[in-house]
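As structure tokens, the structure follows; a few thoughts come after it.
In what follows, every chain begins at residue 1, and chains take the letters A, B, ... in the order their sequences are listed. The figures here come from the full heavy-atom set of this structure, side chains too, leaving out hydrogens, waters and symmetry mates.
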Amino acid sequence: MTNVERFNPHVADARWQKIWEERSSFVADDNSTKPRAYVLEMFPYPSGRIHIGHVRNYTMGDVLARYKRMTGHEVLHPMGWDAFGMPAENAAMEKKVHPGGWTRDNIANMKAQLKRLGFAIDWTRELATCEPEYYGHEQALFLKLYAAGLVYRKESAVNWDPVDMTVLANEQVIDGKGWRSGAPVERRKLSQWFLKITDFAEELLAGLGSLDQWPDKVRLMQENWIGKSQGLKCRFRFPGGNDGIDVFTTRPDTMFGASFVAIAADHPVAQKLATNAPELQAFIEECRKGGTTAADIETAEKLGFNTGLTVEHPLDPSWHLPVYVANFVLMDYGTGAVFGCPAHDQRDLDFARKYHLPVTRVVADGDLTDSNFEGNIAYTNPGVIVNSHWMNGMTVDQAKADVIAKAEQEGWGQGQTQYRLRDWGVSRQRYWGTPIPIIHCQACGAVPVPNDQLPVKLPEDVSFDIPGNPLDRHPTWSKVDCPKCHQEARRETDTLDTFVDSSWYFIRFASQPHDKPFDRAAAEKWLPVDQYIGGVEHAILHLLYARFWTRALSHIGMIDVKEPFASLFTQGMVTHQTYQDANGTWLSPEQVRREGDIWTIIDSGAPAVAGRIEKMSKSKKNVVDPDDIVDQYGADAVRWFMLSDSPPERDLEWSEAGIEGCWRFVQRLWRLTSQVSNAEGVDKALDRKTHQIIAGVGTDIEALAFNKAVAKIYDLANAIEKAAPSASRDTAIRTIVTLSAPMVPHLAEEAWTQLGAASGGGLIADAPWPAVNPQLLVEDEVTIAIQVRGKLRDTLTVAKGLPQTEVEALALASQKVQHAIDGADIRKIIVVPDRLVNIVL
RNA sequence: GCGGAUGUGGCGGAAUGGUAGACGCUACAGACUUAAAAUCUGUUGUCCUUUUGGGCGUGCGGGUUCGAGUCCCGCCAUCCGCACCA
């Protein structure tokens, strides 16, 4: 093939990208009458450079978007920037740059990087959450939710870093110390804004049932996060009084097994007692100090403090139980108090053994019905109720219902549904976020900023040379008059959690008027997102918040969409081999050389160790920069690599050999396009292959099984190369270019022109997906497997639809089969039409 | 601890209960070339025979079935998520 020039991506990529842009090829038409497809990948945080995970994510979405265009859809495939957040403030502190400038520079760089990959994106809808045109509308939505009673303010405990003077997220507290300052973190009470996501707990849970295009894993994670449980809330009264301690339990059936009541350190009763009990005060302090890491919790001893108080058992007021303050009871779940039934709860048992409390069996463990419970492993399986007066003999479920009914009838408790989900605290004491549009007035309280004063813009003149929230110490920004009474007042200086920004961007993509967040009718035309693609790390927070926000907007009548993402796909990571030297210092792959199974450091000749294949990370020096590989191989080879081999939900290992292979295939495809012969004649076998593969690739792309689609295209390429020139072969060549167009669009455009298919200057991006001739999908000859006792002995190629008796006869005529039967009696013969014959001896 | 996923050649992975290993990578051999690159043609699960064939093979042990990588039961390993949630 010396006479054919190579495909040169360094020229072709940019040329086609320019043409797509000039022709607005990928701008979505709101008024189109075609069926719609909204394809969305999770928008990136503008950290500065795109990484290979972005490339994989956006390539997948791009293939789907381009395929949908080719199959006659009006496609919305937008891109934007999740542009608020802490890294910009950290950069401001470290590099003395303004967060806005830093962020906008990063966006410009990353946009240029994305453009080099030739994604079919409607850039006219680009948005960045840090721009007032976006966050101003977010403020308006926030105030709508506020007006609807879905936003409130309450005192809440936060992690406070006393050096940086800021609130830290739980993830930023490491071993009880601030991740940046290293100072011990304090628990502080601050007034914080909350969104009432718990109002939607049941809806969000029930809604998961309708999301049948979501991974089960993600639905399950959300289900667990919402954490619905049902049980009894009841009061254990102080003797003789009406006051008492409210307790929530999912096991009311075990109430006769109770031996103590335990309350959280932060429980009001404990707090009150502690005011004149220094020992209890000290114990409470001790509880608060306890670590919150997984290891801490697992090894933490169950500790309690006997308050000396007793309470009456609701089912027998003469029976008094001691009240402990215990370190394993959480204030923010249920009522912050539990009754302990040691025989049937492991924590309670640990606690009871330590403090020598009674352990009474009330659920039979098989034949074990003795009220005295032995051992240190609680029995939590189903069983029959014993040692429980009138409940004896009931099942656990019967007893639960019975106790709840009794409690409700007698008025000391009621059945209750409890959720683990808490309201969403959205206050952040930071600069680089959406200002919360509220004004605090001494006289009027919290007053919403009037709509005509939105957006509340961030001030530009801020300093980051001292810790704390720059908005808080800005000399003038927070000083405003109350919109109601016009007295001096103060702006809220907290900003919104960035998860709020990402909770509605997909609506703004669908409709972006200047004067309101979105136009209802326009947004509803596109929504819900038909296919959402992103990392599984967002399985809970982002996806739950976005679902909540959409439901909240629906609740207040702003949009009639319940679930924002009809179909969700979570893609795997891109991994790469790691290397270390003898001292454990990480080495980049370019620093090492392989000789057989021995790895050496190129510079020094010292031995290197090939480590685990891990997610690309700077610290492990195994990153590959997308720009570098696009420089080297062009966009199409990189895109092809991202789609090949690994199923998209699994991790993909980057490899030099792999990308080389992709480069070779791009060239091979290019060479094929020069082989159009204008020969005549039909090659029926190739026609069949072509049409089978058209059908298969389409099915695979719709299922996001890109690795399988890629394999089928290879298969067709192999078949074309082996075929003799014919009209069929020329058609197959045109077809393979079309089929691969969503994956390698630059090459496909180039080839399309070369093939003369682009008469009139048409683009393959606008070309229709090839039609399948169903007749060609049906083989007229089939290969039938012949088994003897389930083992393959021979294969026969026969006409499709050959009658069973004839197939049987042919099978038995086979020498190999006769040899395998070896004269034995044939008990029966199973015939699966057109597939196989199994001779049973 | 709870929940979930995964386990197939040297590697990534294919396979509506019906011919296991498609397709790619690697490796090896050959062709072309002065040579290299590129390209092309083979071979590439394993063992025995080395031609015909045949045995064994989808983490392990059972089961259902004419037939199991696939379905059921019990283990093991790895990975992920959640976690003192009453």
Nearest-Å distance once atom P is located in both B:C73 and B:A5: 13 Å

A:Arg789 side chain near B:C66 phosphate (N/O to OP1/OP2, under 4.0 Å): no

Nearest-angstrom distance, P atom, B:C25 to B:A35: 26 Å

Closest to the A:Arg347 side chain, choosing from B:G18, B:G12, B:C84: B:C84

Euclidean distance, A:Gln222 CD relative to A:Leu208 CG, rounded to 0.5 Å: 5.5 Å

Atom pair distance, as rounded to whole Å: CG in A:Asp794 and P in B:U19: 15 Å

Rounded distance in Å between the C1' positions of B:U70 and B:C82: 30 Å

Which residue lies more 5' along RNA chain B, comparing A:Glu649 with A:Lys791 via nearest heavy atoms: A:Glu649

Minimum-distance nucleotide (side-chain atoms of A:Asp715 versus B:U19, B:A38, B:C23): B:C23

Euclidean distance for C1', B:G4 against B:A83 (whole angstrom): 14 Å

Phosphate OP1/OP2 of B:C85 contacted by A:Asn224 side-chain N/O (<4.0 Å): no

Interatomic distance, A:Met221 CE vs B:A5 C1' [rounded to whole Å]: 12 Å

Out of B:U19, B:C23, B:C82, whichever nucleotide has its closest atom nearest the side chain of A:Ile540: B:C82

From B:A38, B:C85, B:G18, nucleotide with atom closest to A:Gln787 side chain: B:G18

Touch class at under 4.0 angstrom, heavy-atom based, for A:Thr783 against every strand present: base

Touch class at under 4.0 angstrom, heavy-atom based, for A:Asp332 against every strand present: nothing

Same-atom distance (C1') from B:G18 to B:A37, integer angstrom: 47 Å

A:Lys828 side-chain N/O to B:G67 phosphate OP1/OP2 under 4.0 Å: no

B:U51 pairs with, by Watson-Crick or G-U criteria that keep both distances under 3.5 Å: none

Atom-pair distance (CG on A:Asp700; P on B:C23), nearest Å: 15 Å

Distance test, side-chain N/O of A:Tyr333 to OP1/OP2 of B:A86, below 4.0 Å: yes

Sugar-phosphate, base or nothing in reach of A:Glu653, heavy atoms under 4.0 Å: nothing

Contact nearer the 5' end of RNA chain B, comparing A:Phe339 with A:Leu792: A:Leu792

Closest non-hydrogen atom pair between A:Ile786 and A:Leu796, with its separation: CD1-CD1, 3.8 Å

Touch class at under 4.0 angstrom, heavy-atom based, for A:Arg793 against every strand present: sugar-phosphate

Touch class at under 4.0 angstrom, heavy-atom based, for A:Ser644 against every strand present: nothing

Minimum heavy-atom distance between A:Leu792 and A:Ala785, given as atom pair plus value: CD1-CB, 3.7 Å

Sugar-phosphate only, base, or nothing, as touched by A:Val329 at under 4.0 Å among non-hydrogen atoms: base

Sugar-phosphate, base or nothing in reach of A:Phe248, heavy atoms under 4.0 Å: base

Watson-Crick or G-U wobble mate for B:G3, both contacts under 3.5 Å: B:C80

Distance in angstrom units between A:Leu643 CG and B:C23 P, rounded: 19 Å

Flag for A:Arg668-A:Asn718: side-chain donor and acceptor within less than 3.5 Å: yes

Distance, rounded to the nearest Å, where A:Trp214 contributes CH2 and B:G4 contributes C1': 17 Å

Length of the line joining A:Glu660:CD and B:G24:P, which is rounded to integer Å: 17 Å

Atom-pair distance (NZ on A:Lys712; C1' on B:A22), nearest Å: 9 Å

Syn or anti for B:G9 (syn when the glycosidic angle lies within 90° of 0): syn

B:C40 phosphate, OP1 or OP2, under 4.0 Å from A:Arg671 side-chain N/O: yes

Single hit among A:Trp640, A:Tyr633, A:Trp670 for ring pair (Phe, Tyr, Trp, His ring centres under 6.0 Å) with A:Phe665: A:Trp640

Base-pairing assignment for B:C23 (Watson-Crick or G-U wobble, both under 3.5 Å): B:G12

Residue-phosphate contact under 4.0 Å: A:Arg664 side-chain N/O, B:G24 OP1/OP2: no

Any N/O donor-acceptor pair, A:Lys302 side-chain to B:C84 base, under 3.5 Å: yes

Between B:G57 and B:A20 - P atom distance, rounded Å: 13 Å

Donor-acceptor pair (no angle test) under 3.5 Å: A:Arg835 side chain, B:U16 base: yes

Sugar-phosphate only, base, or nothing, as touched by A:Asp345 at under 4.0 Å among non-hydrogen atoms: nothing

Whole-Å C1' distance, B:G45 and B:G10: 10 Å

Salt bridge flag under 4.0 Å for residues A:Asp350 and A:Arg347: no

Sugar-phosphate, base or nothing in reach of A:Leu330, heavy atoms under 4.0 Å: base

Sugar-phosphate, base or nothing in reach of A:Val338, heavy atoms under 4.0 Å: base

Sugar-phosphate only, base, or nothing, as touched by A:Arg827 at under 4.0 Å among non-hydrogen atoms: nothing

A:Tyr333 versus A:Gln418, side-chain donor and acceptor atoms under 3.5 Å: no

Minimum-distance nucleotide (side-chain atoms of A:Arg420 versus B:C85, B:C84, B:G24): B:C85

OP1 or OP2 of B:A15 under 4.0 Å from side-chain N/O of A:Lys708: yes

Test side-chain contact (heavy atoms from CB on, under 4.5 Å) applied to A:Ile197 and A:Leu421, step by step: CA-CA 8 Å; A:Ile197 192 171; A:Leu421 183 70; 4.2 Å; yes

Option among A:Val338, A:Thr335, A:Val323 that satisfies the side chain to side chain contact (heavy atoms under 4.5 Å, CB included) test with A:Ile245: A:Val323

Counterpart base for B:U44, defined by Watson-Crick or G-U wobble contacts under 3.5 Å: none

Whole angstrom value for the distance that separates P of B:A15 from CG of A:Asn707: 8 Å

Gap in Å between the two C1' atoms, one belonging to B:G9 and one to B:G67, rounded: 24 Å

Test log, rule side-chain contact (heavy atoms from CB on, under 4.5 Å), inputs A:Lys615 and A:Val574: CA-CA 6 Å; A:Lys615 182 181 180 176; A:Val574 182; over 6 Å; no

